[in-house]
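Taking it in order: structure first as structure tokens, then the write-up.
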2 protein chains.
Amino acid sequence: MTAEPTRRGVPEATVGRLPGYLRALTSLGDEGRASVSSEELADLSGVRSAQVRKDLSSLGSYGVRGVGYDVPRLSDQIAAELGLSRTRPVVIVGMGNLGRALASYGGLTTRGFHVTALVDTDPAVVGRRIDGLTVTTMDRLTPGSTRAGVGVITTPAGAAQEVADALVEGGVRSILNFAPAVLRVPPTVHVRAVDLAAELAILAFHEHQQALSTADGEDVG
Amino acid sequence: MTAEPTRRGVPEATVGRLPGYLRALTSLGDEGRASVSSEELADLSGVRSAQVRKDLSSLGSYGVRGVGYDVPRLSDQIAAELGLSRTRPVVIVGMGNLGRALASYGGLTTRGFHVTALVDTDPAVVGRRIDGLTVTTMDRLTPGSTRAGVGVITTPAGAAQEVADALVEGGVRSILNFAPAVLRVPPTVHVRAVDLAAELAILAFHEHQQALSTADGEDVG
DNA sequence: AATTGTGAAAAGATTCACAGCA
DNA sequence: TGCTGTGAATCTTTTCACAATT
């Protein structure tokens, strides 16, 4: 029993798709749609319908055979499963371009997350107000403001580990890391990394392969 | 034979880890290290050593038993595999906070990528200079500037599909999509999505599960 | 003695295909 | 009839363990 496996066994791959389903369901709900089929939900989420059914059944779902899934009910179900009912504090560390962009990013402020602190070390930035919050230094963070919350690291790679340590110390149990660095954290702390350079490199790989295979005379549509 | 499978069969999961290896190797190289073991490289990349060996062997690697991998040589090998030898043009569409942040993001401008155009529809933004480039409208993009390049979408979700269509029209074959929307593109075009809200939701899920299991009396170190 | 490369085993994820139900 | 839920089949990924090699 490490920190990894999930309570009632929702597979990790399924968890990764739940936000996508929720997004689609939210937009269906806004249009006043009462029910949706796995086929349509799959289409809106960019996956296959069998996948949708498997995923939702692993949640102990409440679809109706011959009809589909109840949109508001399934929304609530997924939001509850994701733990989005309770609002979580977010601390952003590193007030460069990316940090500032995230601080004012609407998608972050909406469902379930609330930016409670902005942090930087640069004295020229500390004390400035960004999007209604005053930038503080790391050591001014109160443990209460970060407990059971999410830390977002948008510092240069060199500072990332130090920041992660401080966040963990301050009670953060989840970290979203934009710095191109591997973080060492206790096993109770979850880290997700978003590496823009890596994403581009992966795209470059596929383009490269495509170029090679067309040069070799494969047909490409 | 769709567009998916890779020339000499480098598994997709492996491709996803190559940028991480390259990052570690680059930093080892900068320190003047001549060789590295799978064990150490694994440690630096946050994976297991067996994984590293499998991954590198699928590249047709050139490690030396009893010694390890030659750092500069392996770097070159991976960079070549990823297609990072040739510089690729990047077009960023959507000059909000995130778009501006990416436009001046160093990690993007370095290895293999070069931002060649910034695009927005807002007349108040078009014509402005950001980071040495003048913001244009979509229709002023020359096909040549985007061909075989990468399009980055940082617009609101509602505009994303339209932008993707235009990028594809303009010759882009890879898209990095930050808008929370599923894009429909021809099968020859590769899309990777970065969804910040989804990342946070996934972290929230794990925190939520952890909270549940501790409440149920599981030990958590 | 140290470390790679790789078959084989195990685990995980996806897809199929159809029984079961409204 | 239409669509879910799921066992079985398939495919992919990870991990193990050890022979091969310097």
Side-chain angles (χ1 to χ4, degrees), chain A residues 1-2 4-18 20-21 24-25 28 33-71 73-75 77-78 81 202 205-206, chain B residues 1-2 4-18 20-21 24-25 28 33-71 73-75 77-78 81 202 205-206:
Chain A
M1 294 269 170
T2 65
E4 221 46 64
T6 50
R7 184 185 43 136
R8 197 65 167 293
V10 180
E12 197 52 37
T14 295
V15 174
R17 283 185 295 266
L18 293 181
Y21 299 151
L25 287 164
L28 285 169
R33 286 282 301 279
S35 93
V36 65
S37 68
S38 61
E39 192 71 51
E40 187 178 7
L41 187 50
D43 206 57
L44 292 170
S45 314
V47 303
R48 310 294 201 90
S49 66
Q51 185 102 266
V52 168
R53 294 198 298 278
K54 253 266 148 68
D55 285 344
L56 296 185
S57 82
S58 95
L59 255 70
S61 119
Y62 283 86
V64 180
R65 289 166 203 245
V67 178
Y69 301 88
D70 183 273
V71 169
R73 181 166 192 192
L74 187 54
S75 289
Q77 173 96 10
I78 294 178
E81 191 70 29
I202 294 164
F205 171 87
H206 289 297
Chain B
M1 297 264 171
T2 65
E4 220 47 63
T6 49
R7 182 184 47 133
R8 195 65 165 295
V10 181
E12 198 53 37
T14 296
V15 174
R17 283 184 296 267
L18 293 181
Y21 299 150
L25 287 165
L28 285 169
R33 286 283 300 280
S35 94
V36 65
S37 69
S38 62
E39 193 71 52
E40 186 178 7
L41 186 51
D43 206 58
L44 292 169
S45 314
V47 302
R48 310 294 201 89
S49 65
Q51 184 102 267
V52 168
R53 293 198 298 278
K54 254 266 146 70
D55 285 344
L56 296 185
S57 83
S58 96
L59 256 70
S61 117
Y62 282 87
V64 180
R65 290 168 203 245
V67 178
Y69 299 88
D70 183 274
V71 169
R73 182 167 193 190
L74 187 55
S75 289
Q77 174 97 7
I78 294 178
E81 192 70 27
I202 293 164
F205 171 87
H206 289 298

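Note that the structure is a prediction, hence the values are computed from the model and not measured. Every chain is numbered from 1, with letters handed out A, B, ... down the list of sequences. Atom set for the values below is all heavy atoms of this structure, side chains included, hydrogens, waters and symmetry mates excluded.
Under the salt bridge (Lys or Arg N to Asp or Glu O under 4.0 Å) criterion, Arg33(A) pairs with Glu40(A), not counting sequence neighbours. Listed by chain and number, the residues in a side-chain contact (heavy atoms from CB on, under 4.5 Å) with Ser57(A) amount to none (sequence neighbours excluded). Partners of Val67(B) according to the side-chain contact (heavy atoms from CB on, under 4.5 Å) rule, which considers only residues two or more places apart in sequence or in another chain, are Ser35(B), Val64(B). For Asp70(A), there are no salt bridge (Lys or Arg N to Asp or Glu O under 4.0 Å) partners at least two apart in sequence or on another chain.
Residues Ile78(B) and Leu56(B) have side chains in contact (heavy-atom distance under 4.5 Å, counting atoms from C-beta outward). Counting only heavy atoms from C-beta outward, the side chains of Ile202(A) and Leu18(B) never approach each other to under 4.5 Å. Looking at Tyr21(A) and Leu74(A), their side chains never come closer than 4.5 Å, going by heavy atoms from C-beta outward.
Along DNA chain D, read 5' to 3', the first and last nucleotides having any atom under 4.0 Å from a heavy atom of chain A are dG2(D) to dA8(D).
Interface residues of residues 46-55 of chain A facing DNA chain D, ordered by number: Arg53(A), Lys54(A); criterion, heavy-atom separation under 4.0 Å.
Identified under the salt bridge (Lys or Arg N to Asp or Glu O under 4.0 Å) test for residues 41-64 of chain B, with sequence neighbours left out: Arg184(A)-Asp43(B), Arg17(B)-Asp55(B).
Side-chain N or O atoms of Gln77(B) include none that pairs as donor or acceptor with a backbone N or O of Tyr62(B) at under 3.5 Å.
Residue-environment remark: CD (Glu39(A)) stays at or below the threshold of 12 foreign heavy atoms within 6.0 Å.
One atom, CD of Glu12(A), and another, P of dT14(C), lie 11 Å apart when rounded to the nearest Å. The nearest whole Å value for the distance from the CG atom in Leu56(A) to the P atom in dT14(C) is 14 Å. Going from atom CD of Glu39(B) over to atom C1' of dT4(C) covers 12 Å, rounded to whole Å.
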Between the protein and nucleotides 20-22 of chain C, which nitrogen or oxygen pairs are less than 3.5 angstrom apart?
{"unit_1": "dG20(C)", "atom_1": "N3", "unit_2": "Arg65(A)", "atom_2": "NH1", "d": "3.2"}

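Within the structure, every side-chain polar atom (N or O) of Ser38(B) is placed at least 4.0 Å from both OP1 and OP2 of dT3(C).
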